[in-house]
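Have a look at the structure below before the remarks.
Hydrogens, waters and symmetry mates are skipped; everything else that's a heavy atom, side chains included, is used.
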Amino acid sequence: MAREYPIEKVRNIGIAAHIDAGKTTTTERILFYTGKKHKIGTVDEGTAEMDWMVQERERGVTITAAATTCFWQNHAIHLIDTPGHVDFTVEVERSLRVLDGVIALFCAVGGVEPQSETVWNQAERYNIPRIAFVNKMDRVGANFSRVLEMMQERFGTNPVPMQIPIGEGRYFTGVVDLLAMKAIYWDETDQGKTFEEKEVPPEYQEAANSARDSLIENVASEDDNLLEKYLDGVEITDDELIEGIRAATLKGSFIPVFCGSSLKNQGVQPLLNAVIDYLPSPIDVPPIEGEVSVQTKRKSSKKETPQQVEKAVRHADDSEPFSALAFKVASHDTVDKLVYCRIYSGTLKRGEVVFNVATEKRERVNRILQMHANKEESCDAAYAGDIVALVGMRTTKTGHTLSDLQHPLLLESIEFPPPVISVAIEPERASDTDALEETLEKLMDEDPTFTVGIDQETGQRIISGMGELHLEILTDRMIREFGVNARVSKLQVAYRETIRTTAEGRATHIHKTDEEGIFGDVQVRVEPLEREGGFQFQDITDETQIPRQFVSSIETALEGAMGTGALMGYALQDIKVTLIGGSIHPTDSSEVAYEAAAVLAFEKAVRQANPLLLEPIMQIHITVPDEHLGKVIGDLNARRAQINETTSQDMNNVINAIIPLAETFQYTTRLRSMTQGRGVFTLEFSHYDIAPSSVSGSA
């Protein structure tokens, strides 16, 4: 089966923004105008196609990234609608990892909001070309120029308008296209499917001319040939402008900015044109880089042998060896699970066997599916640049690489933030235990920021996630989707532990039986690292102190020992462990014994190094009416918050602060009470910091 669209006519894009900026509403219009669906759904009524989960439709908030494919101007667009709520940032992270371009949405009233910055920085980290769409131009308080200024200030980028709005707020009626120098007005009678181009209104002529001159100047400054024409006063054609804008967008030199109102069906078709004209195809982005000869990695250590691991690239070409990254695992009604993959090179056919490089196991591709939210369409083959879901992947998890059996290539995995909030969960009846454990396994497969552990003191099963809403959604899914009856305790903070000082510890593990003995003797030094330093290991011993073949096993055991602190049993972080000594038995030296001795030595050293408790600190962003500002600030001070900035925005104030997570439980109810339901806030994990003694005593 041949490829339906040539690769240069494929676009892999996502829509990312702050919560409530209109991502799903915009996606609904895209699906409608491209003919993918014949009726526009709404978030408020729970009929949006991409918000297919029951929990999404009840709450009016996107929870999971939904993928679809639509077609525009003879191009195939693989589109992912991502959540805006910070509790589901995992969905944004893994989506951006596999996308080639992004539409960054901004509310014309709110401008650059906290989660706008988060998703922008995520896209920046992956060097993803972006275009921007200023939505909700019809809202009272809409201010296009202010959004451009905020983009410039907050991102240090150069936003270049491709359109200017005709009116703002209730006076918004259309846009001026600065390339065609035409005014565009949408027909309200057919839900914006048709639009009319007219001459630019006289009162906007001067502003349009100025904006077009600025656009041409920005494009010319990125191209020597165009700059020469510009300086010589030679007119630059529209085709040259489009080519120049595309080159600058792919390079990240500036961000083309469009505007409209998705809810009022205004501005979406030019945005689709911009996706085709300015965002990259798979062949416009650098080839994916990975590692070959991965079998040389020592299984007991994260260390690699540099001489035996080589870098290799795969180009977006159907004829190259197959390589793909699994970026999402999802449950499904009719199959065991779906594994969403981005194919970077080669061709994949239904029924083929591929190699999971992470697990070093073979996987058979039973089916290949083209997804549309939770609906699917079977395919016989998938090609370089495609985003598809695979059925039959038993061992594949998020971040795993799939490759050709003969040409294994390990791609960089996906990193996710650690969970910061926990609850205890237990089955209501003993007969529900197996079902609960099976469900928890499925949910962990789907969501890498969801973890399950056992409290060593109480024996309770502890589930952890990114926030209250995150765990609320997951527990609701357990009951309604998987039919598991479980009891959930109150929320708990995921504290961490670290050390203040340097200390050493030594331990010997000896075990003798009538037939044989095992021996291990290890001495370690622990020292604190800067915050977010994680775990570091160094070996300064030689073969007369520790047998070389056991060093990697000792490192693995020490890293595992970081999971339990000496103070209160919370996971340790920000510690460097140095292997400084030990001894050898001529006959009984054993890997198991050295691992056990290393853990004992580490525990001794940590106890001597003045352990301390760390608590998660969150960034909080609160929008509150003027008359309630003092009350809200007073309440924040009582919650140990540190206010960084308060700015005025129309009749509201925006408070930016950091606050301990432990002080935010049930804050939604409290803020509503203080502001008569008019205050709103968002929370996002910032960092871990030392917990005061009052917290240490109650944690």
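One distance of note links CG of Leu411 with OG of Ser323; it measures 5.5 Å at 0.5 Å rounding. With values rounded to the nearest 0.5 angstrom, Glu289 atom CD is found 11.5 Å from Leu410 atom CG. Atom OG1 of Thr451 is separated from atom CD1 of Ile462 by 10.0 Å, given to the nearest 0.5 angstrom. Taken from CG in Leu600 to CZ in Arg506, the straight-line distance is 13.5 Å, to the nearest 0.5 Å.
Shortest non-hydrogen contact noted between Ile690 and Glu615 is O-OE2, 4.3 Å. A pairwise comparison of heavy atoms in Ala598 and Leu558 identifies O-CD2, 3.5 Å as the closest pair. Shortest non-hydrogen contact noted between Ser583 and Tyr594 is O-OH, 2.5 Å. Considering every non-hydrogen atom in both Ala566 and Glu497, the closest pair reads N-OE1, 3.3 Å.
When atom types are taken as modelled, the side chain of Thr508 and the backbone of Asp521 share no donor-acceptor pair closer than 3.5 angstrom. The backbone N or O of Phe685 lies less than 3.5 Å from no partner atom in the side chain of Gln619, so there is not a single donor-acceptor pair.
Here the options are His400, Glu363, Lys361, Glu360, the test is side-chain hydrogen bond (donor to acceptor under 3.5 Å, both in side chains), and the partner is Thr395; only Glu363 passes. Screening Asp445, Thr359, Asn356 against Lys397 for a side-chain hydrogen bond (donor to acceptor under 3.5 Å, both in side chains) leaves a single residue, Asp445. Of the listed residues (Glu591, His511, His585), just one forms a side-chain contact (heavy atoms from CB on, under 4.5 Å) with Ile518, and that residue is His511.
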Verdict with reasoning, Leu440 to Met478, per side chain to side chain contact (heavy atoms under 4.5 Å, CB included): CA-CA 8 Å; Leu440 292 175; Met478 288 180 211; 3.5 Å; yes
query: What's the verdict on side chain to side chain contact (heavy atoms under 4.5 Å, CB included) for Leu579 and Val522, showing C-alpha distance, side-chain angles and the deciding distance?
result: CA-CA 8 Å; Leu579 184 60; Val522 175; 3.5 Å; yes
Audit row: Glu93, Arg125, salt bridge (Lys or Arg N to Asp or Glu O under 4.0 Å) steps and yes/no: CA-CA 10 Å; Glu93 185 73 30; Arg125 192 163 62 249; 2.7 Å; yes
- prompt: Would Gln573 and Thr498 satisfy side chain to side chain donor-acceptor pair (under 3.5 Å), going step by step from the backbone distance to the final call?
  reply: CA-CA 6 Å; Gln573 66 178 45; Thr498 191; over 6 Å; no
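For residues 412-421, no residue pair satisfies the salt bridge (charged side-chain N to carboxylate O under 4.0 Å, His left out) rule, not counting sequence neighbours.
The pair Asp574-Arg496 fails the salt-bridge criterion, with no side-chain N (NZ, NE, NH1 or NH2) lying under 4.0 Å from an Asp/Glu carboxylate O. The residues Arg461 and Glu426 are annotated as salt-bridged, a charged nitrogen and a carboxylate oxygen being separated by less than 4.0 angstrom.
Within the cation-pi definition used here (under 6.0 Å to the ring centroid, within 45° of the axis), Arg342 qualifies as a partner of Tyr344.
Between Arg548 and Ile546, the closest side-chain pair of non-hydrogen atoms falls below 4.5 Å. Contact of the Leu614 side chain with the Asp689 side chain is not registered, since no non-hydrogen atoms from C-beta on lie closer than 4.5 Å. Using a 4.5 Å heavy-atom threshold, the side chains of Ile499 and Asn610 count as separate.
In this structure, Phe681 and Tyr667 have perpendicular ring planes: the angle between them is above 60°, well past the 30° mark.
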